[in-house]
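Naming: A, B, ... by sequence-line order, numbering from 1 per chain. Because the structure is a prediction, the values reported are computed rather than measured.
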There are 2 protein chains.
Amino acid sequence: MKYSTKLSDTIHLLVFLYLADGNRMTSARIAESVKTNPAYIRQLMSALKKGGLITSDRGQANPTLIRETDQITMLDIYRAVEGEKPLLHLDIHTNPECGVGVNIQLSIGDFYREVQDAAEKKMQEITLKDIIERYYEKVETAGLKAAIWADGMTDQTTLG
Amino acid sequence: MKYSTKLSDTIHLLVFLYLADGNRMTSARIAESVKTNPAYIRQLMSALKKGGLITSDRGQANPTLIRETDQITMLDIYRAVEGEKPLLHLDIHTNPECGVGVNIQLSIGDFYREVQDAAEKKMQEITLKDIIERYYEKVETAGLKAAIWADGMTDQTTLG
DNA sequence: TCGTCATGTAATTTTAATAATAACATCAAA
DNA sequence: TTTGATGTTATTATTAAAATTACATGACGA
């Protein structure tokens with residue numbers, strides 16, 4: 001299949017929202033940066049809304065972060081858009097008449113759980129703030145800071 | 001897409017090989033338990049061979065584990081069959097003309113790396129031996145031990 | 001109030017990673 | 001030499017995800 005990029009796209013979306021800082025962002029505008037379509041962005045925002053991470057009102061473009069960026073973890077975002085989807089997948093199609101097969105998969109599942117917990121623990125330590133700070137560093141080292149940010153964040157055309 | 005079950009299937013395969021203990025296993029036989037086709041099993045075995053985990057000779061059914069089960073980690077197996085495939089995926093399709101988009105994805109990548117490392121560290125702590133032991137526990141608690149294992153592992157018909 | 005623009009959401013189509021399958025050359029052993 | 005197994009490649013089918021379409025609904029300004 002296609003790989004899911006929901007988490008990446010949603011983080012992108014949230015950083016974008018943060019950087020917009022008050023300037024009302026439309027799903028169309030965000031979609032431009034993520035290079036996708038507005039409906040997909042709205043689907044992600046819908047999930048974020050249900051997850052209690054943003055507000056968004058029908059009819060007007062005014063999505064806003066509810067929590068501070070250091071109070072939003074990567075795990076929060078993952079849960080909002082991917083739910084309980086695991087990173088590793090058991091093969092549930094093994095021969096059910098084979099006691100070996102079934103029990104092996106159950107055993108593997110126990111250890112996948114451990115791997116999942118380790119990954120989620122790390123995801124819980126990473127906040128949106130961390131990612132935004134890292135982003136600023138990247139922009140700086142790329143020497144793009146001046147070009148993009150010189151005249152301030154108020155000029156949203158530079159966000160595109 | 002479909003979810004990859006390569007890791008699960010390969011662990012299954014290896015446990016099966018271990019339990020067979022000397023009894024020459026064919027790809028067809030293993031495929032029965034995993035409920036897949038022999039060619040797929042051979043593909044996995046080919047990867048394991050390249051990864052230095054098993055031997056397997058053309059023409060005769062005689063695949064064997066090279067290392068002790070406590071010397072084979074889940075990460076070894078993952079590397080053999082999935083290579084460097086990450087658990088989380090960046091969206092590399094973001095608008096390249098958007099400096100924000102590109103740099104955000106790069107930042108996210110840094111943190112995905114941390115999550116990946118945490119997961120892989122845990123995978124490195126889990127050995128095939130651990131999984132086999134857990135498997136025995138499952139079989140016991142399921143009260144199937146007697147039924148399946150009573151007359152010893154020599155009767156490979158009970159493995160199916 | 002009406003027209004415009006935005007969101008919210010469901011339904012459908014397209015894309016892409018994976019497993020399934022087929023085909024066959026090669027080798028081993030009875 | 002016949003049988004049966006592996007090793008490998010190529011093709012097809014499956015399936016989860018993104019892309020797209022469609023439209024009802026709400027906000028806001030002229």
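Inspection of the B/Ser107 and B/Asp110 side chains reveals no N or O donor paired with an N or O acceptor under 3.5 Å.
Salt-bridge annotation for B/Arg134 and B/Asp130: absent, with no side-chain N of the basic residue lying under 4.0 Å from a carboxylate O of the acidic one.
Clustering ILVMFWY residues whenever any of their side-chain heavy atoms sit less than 4.5 angstrom apart, transitively, puts A/Ile66 in a cluster other than the one holding A/Tyr78.
For A/Thr5, whose side chain is taken as the heavy atoms from C-beta onward, the closest listed nucleotide among D/dA18, C/dA25, C/dA20 is D/dA18. Closest contact between the side chain of A/Asn37 and the listed nucleotides D/dT20, D/dT6, D/dA24 involves D/dT20. The A/Ser27 side chain lies nearest to C/dT7 when the options are D/dT8, D/dA19, C/dT7. Here the nucleotide nearest the side chain of B/Arg42, chosen from C/dT7, D/dG7, C/dA20, is D/dG7. The side chain of B/Gln43 has D/dT8 as its nearest neighbour among C/dA10, D/dT8, D/dT25. Checked against C/dG8, C/dA16, D/dT20, the side chain of A/Ala39 finds its nearest nucleotide in D/dT20. For B/Gln60, whose side chain is taken as the heavy atoms from C-beta onward, the closest listed nucleotide among C/dA28, C/dA19, D/dA18 is C/dA28. Which of C/dT7, D/dA17, C/dT9 sits closest to the side chain of A/Ala61 comes down to C/dT7.
Heavy-atom distances to DNA chain D give each of B/Lys50 and A/Tyr40 a nearest nucleotide, and the one nearer the 5′ end belongs to B/Lys50. Comparing B/Glu82 and B/Pro38 against DNA chain C, the residue whose closest nucleotide sits nearer the 5' end is B/Glu82. Nucleotides of DNA chain C nearest to A/Lys49 and A/Tyr3 differ in position, and the one nearer the 5' end is that of A/Lys49.
Here B/Asp57 lies in heavy-atom contact (under 4.0 Å) with sugar-phosphate atoms only.
Looking at every heavy atom in both residues, B/Leu90 comes nearest to A/Ser8 through CA-OG, 3.3 Å.
Looking at B/Ile126 and A/Val115, their side chains come closer than 4.5 Å, going by heavy atoms from C-beta outward.
Rounded to a whole Å, the NZ atom of B/Lys2 is 7 Å from the C1' atom of D/dA13. One atom, CG of A/Asn62, and another, P of C/dT7, lie 10 Å apart when rounded to the nearest Å.
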